[in-house]
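So the structure is just underneath, and the comments pick up after that.
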Amino acid sequence: MSEIYDLAIIGAGPAGMAAALYASRSGLKTCMIESGAPGGKLLKTYHIENYPGVKGVGGAELATNMLDQALEFGTEYIAGEVVKVDEDKTLHLADGSTIKAQCVLLATGTKERMLNIPGEKENVGKGVSFCAVCDGAFFRGKDIVVIGGGNSALEESVFLTQFARKIYIVIRRDEFRAEKKFQREVEENDKIEVIKESVPVEVLSDGKVTGIVIQNVKTQEKQTIECSGIFPYVGSDPISDCVKDLGVCNDHGYVKVDRNMETKIDGLFAAGDVVDKQLPQVVTAVGDGALVAQQAFKKVKEK
Ligand SMILES: Cc1cc2nc3c(=O)[nH]c(=O)nc-3n(C[C@H](O)[C@H](O)[C@H](O)COP(=O)(O)OP(=O)(O)OC[C@H]3O[C@@H](n4cnc5c(N)ncnc54)[C@H](O)[C@@H]3O)c2cc1C
């Protein structure tokens, strides 16, 4: 352990990158540790059109711009996975190394929730996918089933129509949760068929996905849909394992913070989707991240 950072950021999604930009620009010695590719969920989003001031932008392009901007002001990027955070703000990485900081930001986001039905787990990467942007092109001319009725499910279904022959959207209720704009786009797309009041019960495969069995929640009747791809969009769970021993999470694993995004542990902050919040979006994630940088700046200067 050679140096002590003013702010160590775990996760290079929008929350982490906004914090990195603000912190390094204000002169804090800042590092950002990322276990995957920088960009977080932005990399799984084909098109973003609700980020103010940017009329429409590819997720990957926005991610690249955010990263460049943070690095330009001096943020140090570290590839690695943080497996544990100690109360004294020592970070333990999967490769056995440690990083020490005066302030730590947990900006680790969420992971997609699985359907937890037979046949799903063993077919991830063989037809079951959680990322339309990454895998959509593999299903050119094929049939796809999307599970879920929220914004992501509908938005990604429309995206998938450029590849697929047909898309079935399966929803549990008799109406969508998604915004009206996405509902309209789905209704107007004749490649998409919506199957309501049904839940998935089994993924069928012969080494690759061949279909899915769904069940009507009212009649209990089962139906098999032949398809090559299954995209579950049924929610997500926070990635907060590395702080689980610190008592800063709620029962669902989301990190509890005050109005300054600080946990009950002095100097340990959380931002973005890992925090229990009403609107998990890019615009709120970057707001959280900026606020954390300002709070960290105050703390470091006070010390
Ligand atoms: C399909 C889809 C479409 C979306 N469309 C929109 C949209 O149009 N507009 C909008 O505003 N929002 C959209 N969202 C939501 C938006 O992407 C998220 O709200 C936002 O990315 C949250 O940012 P974050 O930084 O909190 O987390 P994330 O973007 O999830 O980033 C977290 C990062 O932390 C890293 N990480 C996790 N654990 C560790 C660890 N232990 N060590 C190191 N690194 C770690 C991850 O690899 C990841 O890169 C969409 C989401 C999805 C899935």
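Remember, it's 1-based here, ligands and their atoms both numbered in the order they're listed. Numbering of residues begins at 1 and proceeds along the displayed sequence. For clarity, every value in this text was computed on a predicted model and none was experimentally measured.
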Review point. In ligand 1, which numbered atoms sit nearer than 4.0 Å to a non-hydrogen atom of A285?
Key: 23 (O)
Practice item. Check E49 against ligand 1 and report side chain, backbone, both or neither, counting heavy atoms closer than 4.0 Å. Key: neither
**Study point:** Nearest heavy atoms of S228 and K142, plus distance in Å
**Key:** OG-CD, 3.3 Å
Check your understanding: Do T75 side-chain atoms and A20 backbone N/O form a donor-acceptor pair below 3.5 Å?
Key -> yes
Check your understanding: Going by atom types alone, do T263 and K256 pair a side-chain donor with an acceptor below 3.5 Å?
Key -> no
Point to revise | Result of checking C227, S157, P232 against V145 for side chain to side chain contact (heavy atoms under 4.5 Å, CB included) | key: C227
Study note, to complete from the structure: One finds that the ligand 1 atoms under 4.0 Å from a non-hydrogen atom of P280 are 15 (C), 19 (O)
Point to revise | Protein heavy atom at shortest distance from atom 37 (C) of ligand 1 | key: T108 O, 3.3 Å
Study note, to complete from the structure: Under 4.0 Å from one or more heavy atoms of A15, ligand 1 contributes atoms 25 (O), 26 (O)
Review point. Short list, please: which atoms of ligand 1 are under 4.0 Å from a heavy atom of G40?
Key: 29 (O), 31 (O), 48 (C), 49 (O)
**Study point:** Check: E179/N151 side-chain N/O donor and acceptor closer than 3.5 Å
**Key:** yes
Practice item. Of the side chain and backbone of N151, name the one, both, or neither that has a heavy atom under 4.0 Å from an atom of ligand 1. Key: neither
Exercise for review: May I ask you to identify the nearest protein heavy atom to atom 34 (O) of ligand 1, giving residue, atom name and distance to one decimal place in Å?
Suggested key: G11 CA, 3.2 Å
Review point. In terms of atom number and element, which parts of ligand 1 are under 4.0 angstrom from non-hydrogen atoms of G272?
Key: 26 (O)
Exercise for review: Return yes if some donor-acceptor pair links the side-chain N/O of D258 with the main-chain N/O of N260 below 3.5 Å, else return no.
Suggested key: yes
Review point. So, for F163 and F139, is the gap between ring centers shorter than 6.0 Å?
Key: no
Point to revise | Short N-O contact, K181 and E49, less than 4.0 angstrom | key: yes
Revision key, fill the gap. Looking only at protein heavy atoms, what sits closest to atom 49 (O) of ligand 1 is E34 OE1, 2.7 Å
Point to revise | Side-chain donor or acceptor of K41 paired with backbone N/O of T110 under 3.5 Å | key: yes
Revision key, fill the gap. Per-atom filter on ligand 1: closer than 4.0 angstrom to a heavy atom of G13 are 25 (O), 29 (O), 31 (O), 33 (C)
Review point. Is K44 close to ligand 1, meaning an N/O of one under 3.5 Å from an N/O of the other?
Key: no
**Study point:** Protein contact to atom 16 (C) of ligand 1 [nearest heavy atom, distance to 0.1 Å]
**Key:** V282 CG2, 3.9 Å
Check your understanding: With distance as the sole criterion, is a donor-acceptor pair present between the side chains of N50 and Q281 under 3.5 Å?
Key -> yes
Practice item. Please say whether N50 places an N or O atom under 3.5 Å from an N or O atom belonging to ligand 1. Key: yes
Revision key, fill the gap. Closest heavy-atom pair, D86 versus L246, reported as atoms and distance to 0.1 Å, is C-CD2, 4.3 Å
Exercise for review: Look only at interatomic distance and state if Q281 has a nitrogen or oxygen under 3.5 Å from any nitrogen or oxygen of ligand 1.
Suggested key: yes
Point to revise | Element-labelled atoms of ligand 1 that are located less than 4.0 Å from some non-hydrogen atom of I33 | key: 43 (C), 44 (N)
Review point. Of the backbone atoms (N, CA, C, O) and the side-chain heavy atoms from C-beta on, which set of S152 has a member under 4.0 Å from an atom of ligand 1: side chain, backbone, both, or neither?
Key: side chain
Review point. How far is atom 24 (P) of ligand 1 from its nearest protein heavy atom, and which residue and atom is that?
Key: P14 CD, 3.9 Å
Review point. Can a non-hydrogen atom of A132 be found less than 4.0 Å from any atom of ligand 1?
Key: no
Check your understanding: How long is the span from the CD1 atom in I212 to the OG atom in S198, to the nearest 0.5 Å?
Key -> 11.0 Å
Review point. Does T161 use its side chain to pair, donor to acceptor, with the backbone of F159 at less than 3.5 Å?
Key: no
Practice item. Measure the distance from atom 41 (N) of ligand 1 to every protein heavy atom, then report the residue, atom name and distance (to 0.1 Å) of the closest one. Key: V82 O, 2.9 Å
Point to revise | ligand 1-proximal atoms of I10, by part, heavy-atom distance under 4.0 Å | key: side chain
Exercise for review: Check the pair E3 / K100 against salt bridge (charged side-chain N to carboxylate O under 4.0 Å, His left out), numbers first and verdict last.
Suggested key: CA-CA 7 Å; E3 52 193 336; K100 181 99 182 79; over 6 Å; no
Check your understanding: So does E193 pair up with K166, basic N to acidic O under 4.0 Å?
Key -> yes
Exercise for review: For atom 4 (C) of ligand 1, find the nearest protein heavy atom and state the residue, atom name and distance (0.1 Å precision).
Suggested key: T45 OG1, 3.4 Å
Point to revise | Nearest option to atom 21 (O) of ligand 1, as decided by whichever heavy atom of K84, K41, M66 sits closest | key: K41
Check your understanding: ligand 1 versus M17, non-hydrogen atoms closer than 4.0 Å: side chain, backbone, both, neither?
Key -> neither
Practice item. Examine the proximity of ligand 1 to I239 and report which part, side chain or backbone, both or neither, has a heavy atom under 4.0 Å away. Key: side chain
Review point. Considering distance alone, does some N or O of C242 sit under 3.5 Å from an N or O of ligand 1?
Key: no
Check your understanding: Please state which protein non-hydrogen atom is closest to atom 26 (O) of ligand 1 and give its distance, to 0.1 Å?
Key -> D273 N, 2.8 Å
Check your understanding: Would A107 count as a contact of ligand 1 if the rule is a heavy atom under 4.0 Å away?
Key -> yes
Check your understanding: Less than 4.0 Å between a side-chain N and a carboxylate O, is that true for D237 and R113?
Key -> yes
